There are 2 protein chains.
Amino acid sequence: MNSNFNIENFYYNFSCNCNKAQKKTFSKGQIITTYIQKRNQLCILLKGNADLVRYDLNGNRTIVEHFSKNALFGEVFYKVTTNNELLVEAKSKCTVLFYIYDKLKDPCTHGCEFHNTLTEHLPELILNKITELNTRIELLTQRTTRDKLLMYFSLISTRKLSKTFELPLSLTDLADYLSVDRSAMMRELKLLKEDKMVDKIGNRIILLYE
Amino acid sequence: MNSNFNIENFYYNFSCNCNKAQKKTFSKGQIITTYIQKRNQLCILLKGNADLVRYDLNGNRTIVEHFSKNALFGEVFYKVTTNNELLVEAKSKCTVLFYIYDKLKDPCTHGCEFHNTLTEHLPELILNKITELNTRIELLTQRTTRDKLLMYFSLISTRKLSKTFELPLSLTDLADYLSVDRSAMMRELKLLKEDKMVDKIGNRIILLYE
DNA sequence: CATAATATGTGGCTTATGCAACAGAAAAAA
DNA sequence: TTTTTTCTGTTGCATAAGCCACATATTATG
């Protein structure tokens, strides 16, 4: 894996001469894309936060993925197998780059540097994606709400290199992300506080165990 | 996505002249690889069945993934973030191809056709992998054991193009795959039978609804 | 600013699910 | 073959977690 490649800087310097990328802006609450209608799409979130959301027949909402800056998403990553609607909703003001995957793969004849770099690094970007998905699976296979919460906190904590951090999701969304009932999650959160495992001040979580 | 490419035939005709691939055989129960020790590894399961298994601190076993013929696995797909042991266990006699991912990426100077084809098609193979993982996530976000079972059956049914099919996993393993208690799953299975939703004769499942 | 909408926090009640224990069937090993 | 091990099927009991309802806090919006 080429560790010299800095994704952060790369996206920041976005400029694409060819006509293969479309750049769009969305305001909070807008639907960025749907996976059933828009096939073969690859999207890059340049700015903002968004959720991949599924509504099932029982009315349950699940946050399948939570995207922040530089996240890759789109139907290429999710060849739809079920008939559930999959929507990407903007949680804040978002800037998104849209590609058609098949066109993206071919080398750019416009000498478009961004595009070529993207193609070149696509495998490793996709591998990062896989790692995220595997982490998500590990989270979801936790048997209890408590274990889900603790693992989720631990993941964020590791990512932020700190025992104290802001939740990137509202509690309502977190419940949908962990695939548990919100009120049950709140109860468990209270128990975790009582057991001196975590503390919570507003939006801020503090891990108290070693 | 290049749909002319037939993975099935491709693996079948495996022959690699270069020294980059290692081919090994495992008997049932053997550990094929561990993700903590073997970094940067990409494996192809040429023959047999295997499970990616995690044992957590509470002694719970989870089947993170179930691999059959042609499956890709290895630590490249699972950059380890937690300290849980991840083992790939052979469920039957297995033949496995091992690559070091970094070496695989570079074009082969030995004119090794298999290797070059593999490199060329890696992105789409990896995208297939992502689709599997997303399906798995959708399965795990089902809220109840009943819904997990029904979705699992539905997935197999779609794959086999039939309302009747053999379970590819034992019931014990299925419970670990769905991340539920085995006895609770058995109970739910009985209820599904009583409700005339599914029938089960030995290892064979028959879907009865519409 | 006022008012609406959404998010948080809590509790009662019910049910699904986990856990433990066991018996019989099936499969593997000796 | 016999013996051992693993898998299946079932039940009673305890409890985690779902569901509902509501009060308050916080955040959007006209």
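All chains are named by letter (A, B, ...) in the order of the sequence lines, taking the proteins before the strands, and each is independently numbered beginning at 1. Here the structure is a predicted model, which means the values were calculated and not measured.
Annotation for Lys47(B): atom NZ does not count as buried by contact number, only 12 or fewer foreign heavy atoms lying within 6.0 Å. Atom NZ of Lys160(B) is surrounded by more than 12 heavy atoms from other residues, nucleotides or ligands within 6.0 Å.
Atom CD in Gln142(B) sits roughly 16 Å away from atom P in dA16(C) (whole-Å rounding). In this structure, the CD1 atom of Ile201(B) is 12 Å from the P atom of dG9(D), given to the nearest Å. We find that NZ of Lys91(B) is positioned 7 Å from P of dC7(D), with the value rounded to whole Å. As rounded to whole Å, 12 Å separates atom C1' of dG12(D) from atom NZ of Lys190(B). Distance CE (Met186(A)) to P (dC19(D)): 17 Å, rounded to an integer number of Å. Between the C1' atom of dT8(D) and the CD1 atom of Ile205(B) lies a distance of 13 Å, rounded to the nearest Å. The CG atom of Asp176(A) sits 14 Å away from the C1' atom of dT8(C) (whole-angstrom rounding). Here the P atom of nucleotide dA27(C) and the CG atom of Leu171(B) are 12 Å apart, to the nearest Å.
Along DNA chain C, the nucleotide nearest to Lys28(B) and the one nearest to Arg143(A) differ in position, and the one closer to the 5' end is contacted by Arg143(A). Each of Gly202(A) and Ala184(B) lies near DNA chain C, and the nucleotide nearest Gly202(A) is the one positioned closer to the 5' end. When each of Ser179(A) and Arg182(A) is assigned the nucleotide of DNA chain D bearing its nearest heavy atom, the one mapping closer to the 5' terminus is Ser179(A).
Checked by distance alone, Arg187(A) brings a side-chain donor or acceptor within 3.5 Å of a matching partner on the base of dA17(D). Counting distance only, with no hydrogens placed and no angle test, the side-chain atoms of Ser183(B) and the base atoms of dA20(C) include a donor-acceptor pair under 3.5 Å.
Counting only distance, with no hydrogens or angles, the side chain of Ser157(A) and the backbone of Ser162(A) share a donor-acceptor pair below 3.5 Å.
Considering only side-chain atoms of Ser170(B), the nucleotide from dT8(D), dG18(C), dA28(C) that sits closest is dT8(D).
The aromatic rings of His115(B) and Tyr99(B) sit tilted relative to each other, their planes meeting at an angle between 30° and 60°. Taking the six-membered ring where tryptophan is involved, the planes of Phe165(B) and Phe153(B) are tilted, since the angle between them lies from 30° to 60°.
In this structure, Thr144(A) does not reach the dA16(D) phosphate: none of its side-chain N or O atoms is under 4.0 Å from OP1 or OP2. The side chain of Lys200(A) places no N or O atom within less than 4.0 Å of a non-bridging phosphate oxygen (OP1 or OP2) of dT8(C).
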